[in-house]
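Below, all heavy atoms of this structure are taken into account, side chains as well, without hydrogens, waters or symmetry copies.
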Amino acid sequence: MSRISPLVSAYPSRDRAKIARDFFYQKVINSLIHLKKSAISTLNRADFSLEHLVAIQSVASLNPELFYLHDKLLRAMRASDGLSVNQTLDKLMNLRNGSVENVYPIISSIEDSDCEKFIIDDAVLSLKEDLNRQAELMPITNSEQLHHEKVEIKSALRTIKNLFSDMYDEISQLLAHIRLFSGRVTMGLTDVRMFGCMFIRLPRPGIDRQLYYIEHICHEVSHLYLNAVMSIDPIVLNDREKIYKSPLRSDSRAMIGVFHATFVTSRIVQMFDRLGNSDFTEEIGIYLSQQLIELKNGIVEIGRYAMLTKQGEILLEEIQEIYWNSEKRGYWKNFDFNIKRSHRFLGKGEELTLA
């Protein structure tokens, strides 16, 4: 590929992730400073400094609550809710970014914090409106089970590091927290209002836990990266009211959603291509063959209907290249595409609903 932009790419890299991360973080900080000054001038509140939040060191050290508090302050200011504004400013005064001591992202169960409850409730409402399905996201209360899942996720992260170091470097730049939950419908999500955090559901019975976690970590961190990039360049120019066929969901989505789904799938394909080259198995073949179908469907929909910026056009070219490279690999020689197989996330005796 001869035209890879230094700003954004479907190919992960530490440097591009850091550029996108720093730009997005600074944009939020600038907005917070403006909102704080506006609130102080209208509420006769004593001024205070946000210097403890201004200097970015590593997103791995950031507190995702900062992005939630920014959104909450913005909503409170728009609603002229003085009480909420003051409460949010108090929390910002005391908010601190964490240390950078963790080798891995902090892995824990979802909690009943204000920020997590807000994000989860909003996701549940959105899925109810879009799919007419009631999602459930519940905490992991069994400490032994939580410990086991942490071990599985750390192993998945080591596999990513060993086989796809560029993706691992991107994870190290963008991901601070992994929140686990049990439930139904939703399998994973990220939200810019908790930037740096991903939510992942425990896999269904009968699913390969390593492949499941590898896919979902690559999926969600790629959403984080693309969301940060889109604070620099919009990538997709289509009207958000118009909807198109999604490669990953049963409902139609705005083109920005179709592009997100296709982009993150291209990252997953790169990871599973490396798994296939390392030690191709029937299970890896099932995952990768289905991922390639999803990627192709997304490429077709984007090619037909998307209005993209120059950066977006470069991304689409790279995504197509990723598809072609994986499709022609030698590891497919013993894989029978004519066998009908269940979806990779379909557990034993359970109905699959992608979200």
Next on the checklist: Salt bridge check, Arg16 against Glu170: does any charged N sit closer than 4.0 Å to a carboxylate O?
Outcome noted: no
Donor-acceptor pair, [X] side chain versus [Y] backbone, under 3.5 Å?
X: Lys36; Y: Phe48; result: yes
X: Asp233; Y: Val229; result: no
X: Gln134; Y: Lys128; result: no
X: Ser126; Y: Asp122; result: no
X: His52; Y: Leu95; result: yes
X: Arg21; Y: Ala228; result: no
X: His219; Y: Glu215; result: no
X: Glu116; Y: Ile110; result: no
X: Ser38; Y: His34; result: no
X: Ser222; Y: Val264; result: no

Checklist entry - Please walk me through it: do Val221 and Met167 pass side-chain contact (heavy atoms from CB on, under 4.5 Å)? => result CA-CA 9 Å; Val221 82; Met167 174 59 79; 3.8 Å; yes
Checking side-chain polar atoms at under 3.5 Å, does [X] have a donor or acceptor matched by the opposite partner on [Y]?
X: Asp273; Y: Tyr331; result: yes
X: Ser9; Y: Glu318; result: yes
X: Asp169; Y: Gln173; result: no
X: Glu149; Y: Tyr213; result: yes
X: Arg179; Y: Ser108; result: yes

Any side-chain heavy atom of [X] within less than 4.5 Å of one from [Y]?
X: Leu308; Y: Phe259; answer: yes
X: Tyr168; Y: Asn162; answer: no
X: Ser326; Y: Leu288; answer: yes
X: Thr159; Y: Leu275; answer: yes
X: Ile256; Y: Met230; answer: yes
X: Ile171; Y: Phe164; answer: no
X: His70; Y: Leu92; answer: no
X: Glu152; Y: Pro203; answer: no

Which heavy atom of [X] sits nearest a heavy atom of [Y], and at what distance?
X: Tyr225; Y: Ala20; result: CE1-CB, 4.1 Å
X: Ile140; Y: Leu180; result: CG1-O, 3.9 Å
X: Ala39; Y: Val85; result: CB-CG1, 3.7 Å
X: Ile207; Y: Leu346; result: CD1-N, 4.3 Å
X: Asp112; Y: Lys117; result: OD1-CD, 3.9 Å
X: Asp336; Y: Arg341; result: O-NH1, 2.8 Å

Any chain of hydrophobic side-chain contacts (each under 4.5 Å) joining [X] to [Y]?
X: Trp324; Y: Ile322; value: yes
X: Ile33; Y: Leu43; value: yes
X: Val124; Y: Met138; value: no
X: Tyr25; Y: Phe23; value: yes
X: Leu315; Y: Tyr305; value: yes

Checklist entry - Given the rule in the salt bridge (charged side-chain N to carboxylate O under 4.0 Å, His left out) test, do Arg253 and Glu301 qualify, once you have shown the distances and angles that lead to the verdict? => result CA-CA 11 Å; Arg253 310 291 292 163; Glu301 197 75 357; over 6 Å; no
Checklist entry - Where do Leu35 and Leu89 land on the side-chain contact (heavy atoms from CB on, under 4.5 Å) test, with the steps shown first? => result CA-CA 10 Å; Leu35 290 170; Leu89 290 175; over 6 Å; no
Euclidean distance, [Y] [atom2] relative to [X] [atom1], rounded to 0.5 Å:
X: Met271; Y: Arg274; atom1: CE; atom2: CZ; value: 8.0 Å
X: Ser155; Y: Arg209; atom1: OG; atom2: CZ; value: 12.5 Å
X: Leu137; Y: Thr186; atom1: CG; atom2: OG1; value: 5.0 Å
X: Leu69; Y: Asp90; atom1: CG; atom2: CG; value: 11.0 Å
X: Leu189; Y: Met194; atom1: CG; atom2: CE; value: 9.5 Å
X: Thr88; Y: Leu74; atom1: OG1; atom2: CG; value: 11.0 Å

Item to check | Worked check of side-chain contact (heavy atoms from CB on, under 4.5 Å) between Ile235 and Phe263 | outcome: CA-CA 11 Å; Ile235 307 295; Phe263 177 83; over 6 Å; no
Checklist entry - Do you know which of Ile302, Leu295, Ile314 makes side-chain contact (heavy atoms from CB on, under 4.5 Å) with Ile319? => result Leu295
Item to check | Residues, nucleotides or ligands: over 12 heavy atoms within 6.0 Å of Glu144 CD | outcome: no
Next on the checklist: Counting only heavy atoms from other residues, nucleotides and ligands, does the tally under 6.0 Å from NE2 of His147 exceed 12?
Outcome noted: no
Would you kindly check if the NZ (Lys) or CZ (Arg) of [X] is within the cone defined by 45 degrees around the ring axis of [Y] and under 6.0 Å from the six-membered ring centre?
X: Lys296; Y: Tyr323; value: no
X: Arg75; Y: Phe118; value: yes
X: Arg344; Y: Phe272; value: no

Checklist entry - In terms of ring plane angle, is the pair Trp332 and Phe280 parallel, tilted or perpendicular, where the classes change at 30° and 60°? => result perpendicular
Next on the checklist: For a salt bridge (charged side-chain N to carboxylate O under 4.0 Å, His left out) check, start with the C-alpha distance between Asp251 and Arg133, then their side-chain angles and the critical distance, and finish with the verdict.
Outcome noted: CA-CA 12 Å; Asp251 59 325; Arg133 295 295 304 275; over 6 Å; no
Next on the checklist: Run Asp114 and Lys91 through salt bridge (charged side-chain N to carboxylate O under 4.0 Å, His left out) and show every step you take.
Outcome noted: CA-CA 12 Å; Asp114 289 344; Lys91 289 183 178 179; 3.4 Å; yes
Item to check | side-chain contact (heavy atoms from CB on, under 4.5 Å) between Gln145 and Leu202, intermediate numbers included | outcome: CA-CA 10 Å; Gln145 181 184 28; Leu202 301 186; 3.3 Å; yes
